[in-house]
Amino acid sequence: MSMTDPISDMLTRIRNAQMVAKKSVMMPASKIKKGLCSVLQKEGYIRSFEMVDASNSDTGHPQIKVNLKYFQGKPVIEYINRASKPGLRLYKGKHELPKVDAGFGTAIISTSKGLLTDFEAREAGVGGEVICIVK
């Protein structure tokens with residue numbers, strides 16, 4: 001079965017794993033997911049992530065293992081949601097980039113310079129597709 005939106009699937013897996021206080025969650029690997037995990041780790045929303053080789057995974061395909069982060073028993077990620085969807089892409093110029101919770105949240109933007117946070121994109125003076133919102 002093919003997946004129509006792998007990024008939404010990734011965000012849903014993270015959300016569901018945090019609801020039941022899992023330490024980590026596995027998902028199929030891709031370059032964009034690796035980039036998203038990298039931004040989430042850099043911003044302090046997840047503890048770490050690692051690529052699991054196809055030979056070491058149960059499915060025979062490369063996987064990403066995301067180690068989730070909790071503070072005082074509560075998930076660090078309160079809210080994570082997809083902004084741009086396959087049926088309705090959301091593009092913003094450099095002056096229109098969203099500010100999430102007055103700077104306390106993060107919007108992850110796909111730009112010509114790679115995946116950046118809304119703050120980094122403003123600093124670089126580039127716009128792009130708003131992938132997701134994290135608080």
Rounded to the nearest 0.5 Å, what's the gap from NE2 on His61 to CG on Asp53? Could you check? 13.0 Å
Indicate the atoms forming the closest heavy-atom contact of Tyr45 with Phe104, along with that distance. OH-O, 3.9 Å
Is there side-chain contact between Ile109 and Lys92, with heavy atoms separated by less than 4.5 Å? no
Under the side-chain contact (heavy atoms from CB on, under 4.5 Å) test, residues paired with Asn67 that sit two or more places apart: Ser24, Arg47, Ser48, Glu50, Lys65
Who passes side-chain contact (heavy atoms from CB on, under 4.5 Å) against Ser110, sequence neighbours left out? Leu115, Glu129, Ile131
Between Cys37 and Ile64, which heavy-atom pair has the shortest distance, and what is it? SG-CG2, 4.1 Å
So, the side chain of Lys33 versus the backbone of Pro28: is there a donor-acceptor pair under 3.5 Å, distance only? yes
Set of residues satisfying salt bridge (Lys or Arg N to Asp or Glu O under 4.0 Å) with respect to Lys34, sequence neighbours excluded: none
How long is the gap from CG on Asp101 to OG1 on Thr106, to the nearest 0.5 Å? 10.0 Å
For a side chain to side chain contact (heavy atoms under 4.5 Å, CB included) with Glu43, tell me which candidate from Val134, Ile108, Val76, Thr117 qualifies. Thr117
Heavy-atom closest pair (Leu116 atom, Glu120 atom, distance to 0.1 Å) is CA-OE1, 3.5 Å
Honestly curious: do Phe71 and Ile77 fall in one hydrophobic cluster under the side-chain, below-4.5 Å linking rule? yes
Closest heavy-atom pair and its distance - Gly125, Lys94: O-CD, 3.3 Å
Check the hydrophobic clustering (I, L, V, M, F, W, Y; side-chain heavy atoms under 4.5 Å; chains of links allowed) and say if Leu90 and Ile133 are grouped together. yes
Testing the basics here: between Ala29 and Met51, what is the closest heavy-atom pair and its distance to 0.1 Å? CB-CE, 3.6 Å
Measuring only between side-chain heavy atoms, which start at C-beta, is Pro75 closer than 4.5 Å to Leu68? no
Do Leu36 and Val25 share a hydrophobic cluster, counting only Ile, Leu, Val, Met, Phe, Trp and Tyr and linking them when any side-chain heavy atoms are less than 4.5 Å apart? yes
Can you find a pair of side-chain heavy atoms, one from Ser38 and one from Phe49, that are under 4.5 Å apart? yes
Hey, quick one: are Ile32 and Leu11 part of the same hydrophobic cluster, counting side-chain heavy atoms closer than 4.5 Å, chains of contacts allowed? yes
What about Leu97 and Val100, same hydrophobic cluster or not, with Ile/Leu/Val/Met/Phe/Trp/Tyr joined at side-chain heavy-atom distances under 4.5 Å? yes
Is there a side-chain contact between Tyr70 and Gln18, using heavy atoms and a 4.5 Å cut-off? yes
Value for NZ (Lys85) from OG1 (Thr4), rounded to nearest 0.5 Å, stands at 12.0 Å
Is there a side-chain contact between Ile7 and Cys132, using heavy atoms and a 4.5 Å cut-off? no
